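Since the structure comes first, as structure tokens, the remarks are kept for the end.
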There are 2 protein chains.
Amino acid sequence: MTNDYPVPAMADVELVDVLRAVADPIRLRIVTVLGDGEPHSKSAPDWGFDVQKSTLAHHFKALREAGLTRTIVDGRTHAIQLRRAELDARFPGLVAALVEGAPPTD
Amino acid sequence: MTNDYPVPAMADVELVDVLRAVADPIRLRIVTVLGDGEPHSKSAPDWGFDVQKSTLAHHFKALREAGLTRTIVDGRTHAIQLRRAELDARFPGLVAALVEGAPPTD
DNA sequence: ACCATAGTTCGATGAGTATCGAACTATTTC
DNA sequence: GAAATAGTTCGATACTCATCGAACTATGGT
């Protein structure tokens with residue numbers, strides 16, 4: 001069936017939950033890549049992390065449930081996108097600070 | 001003699017470690033209060049958290065070791081201060097976003 | 001129908017950590 | 001010196017969570 005990748009309403013998202021979501025090396029890296037606001041494939045090889053795809057799925061879920069991202073389903077491929085505008089409205093400057101403060105994408 | 005409350009050099013502080021430090025309700029609250037850049041007493045009753053003072057000491061240590069704060073010793077009382085200027089230089093906009101995005105101090 | 005591909009979910013495991021209470025250190029006061 | 005005060009440290013406990021592998025769902029291709 002279609003879209004059951006629910007996201008919380010941004011008004012219900014607490015700052016501490018957002019921070020817990022990005023307080024992990026892999027998830028922080030994901031968020032900085034998603035900082036451009038565009039959808040990115042969930043494809044594990046594309047990301048190049050040294051973890052199994054089940055672990056990556058766990059991180060994607062954590063980001064979505066914390067209110068940071070949404071999932072876009074297209075056939076059998078999924079994309080993930082930062083809820084940039086909503087986040088900027090609710091937590092001004094936060095995403096920008098994360099993107100700018102993260103180590104270079106090498 | 002007591003001035004063994006070492007802090008890491010700001011250049012060595014990683015963003016993800018800062019985020020892990022503030023990804024806790026009590027520590028996030030502390031940081032937002034310290035956002036004014038002034039020293040604040042470590043006195044447990046003053047903070048009004050519902051934890052023992054040993055727990056509070058643990059959180060103060062976590063903030064200091066993550067590079068967020070410094071400790072100022074004065075006799076038998078201690079104060080804690082945000083390393084505001086250094087943090088702003090290393091992670092522009094981050095502290096401001098935390099202070100602004102945190103729930104009201106009410 | 002069959003198989004391959006993309007991604008999720010589940011159970012188990014191990015590491016990290018928030019919390020407490022008690023003991024400890026350092027400083028001030030009497 | 002003794003007692004009180006401020007805060008830290010330590011050991012134990014409980015809980016959270018990152019990770020893996022295997023099983024599962026869903027879609028697309030042949």
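Proteins come first, then strands; the chains are lettered A, B, ... in the order of their sequence lines, and each starts at number 1. All of these numbers come straight from a predicted model, not from anything done at the bench.
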Problem set entry | Heavy-atom pair of closest approach, residues B:R27 and B:R20 | NH2-O, 3.5 Å

Using atom [atom1] of [X] as one end and atom [atom2] of [N] as the other, report the distance to the nearest whole Å.
| X | N | atom1 | atom2 | value |
| --- | --- | --- | --- | --- |
| B:L56 | D:dT9 | CG | C1' | 15 Å |
| B:R64 | D:dG7 | CZ | C1' | 12 Å |
| B:D46 | D:dA6 | CG | C1' | 12 Å |
| B:D4 | C:dA26 | CG | P | 10 Å |
| A:D17 | D:dC17 | CG | P | 10 Å |
| B:K61 | D:dA6 | NZ | P | 22 Å |
| B:E65 | C:dA18 | CD | P | 12 Å |
| B:F49 | C:dC20 | CZ | P | 13 Å |

Problem set entry | Verdict with reasoning, A:H59 to A:F49, per ring-ring contact (aromatic ring centres under 6.0 Å, His included) | CA-CA 12 Å; A:H59 287 307; A:F49 294 117; 8.0 Å; no

Can you tell me if [X] touches the phosphate of [N], counting only side-chain N or O atoms and a distance under 4.0 Å to OP1 or OP2?
| X | N | result |
| --- | --- | --- |
| A:Q52 | D:dT19 | no |
| B:H78 | D:dT8 | yes |
| A:T55 | D:dC20 | yes |
| A:R76 | C:dA4 | no |

For this session: Test for a donor-acceptor pair under 3.5 Å between the base of D:dG7 and the side chain of B:K42, counting only N and O atoms.
Result: no

Exercise. If Ile, Leu, Val, Met, Phe, Trp and Tyr residues are connected whenever their side-chain heavy atoms lie under 4.5 Å apart, and connections chain through other members, are A:L28 and A:V33 in the same group?
Worked result: yes

For this session: Give B:H59 one of three labels, base, sugar-phosphate or nothing, depending on what nucleic acid heavy atoms sit under 4.0 Å from its own.
Result: sugar-phosphate

For this session: Mind checking B:T77 for me? I need base, sugar-phosphate or nothing, with any heavy atom below 4.0 Å counting as a touch.
Result: sugar-phosphate

Seminar exercise, completed: Whichever of A:K53 and A:R27 has the more 5' nearest nucleotide on DNA chain D, that residue is A:R27

Of all the choices, [options], which nucleotide is nearest to the side chain of [X] once you look at every atom?
| X | options | value |
| --- | --- | --- |
| A:F60 | C:dT8, D:dA18, C:dC20 | C:dT8 |
| A:H58 | D:dG7, C:dG7, D:dA18 | D:dA18 |
| A:I26 | C:dT8, D:dT19, D:dG7 | D:dT19 |
| B:A57 | C:dT9, C:dT19, D:dT8 | D:dT8 |

Problem set entry | Minimum side-chain heavy-atom gap B:L19-A:L98 below 4.5 Å | yes

Exercise. Are A:F60 and A:H78 close enough, and set up right, to give a ring-ring contact (aromatic ring centres under 6.0 Å, His included), and what steps lead you there?
Worked result: CA-CA 11 Å; A:F60 288 143; A:H78 296 191; 9.6 Å; no

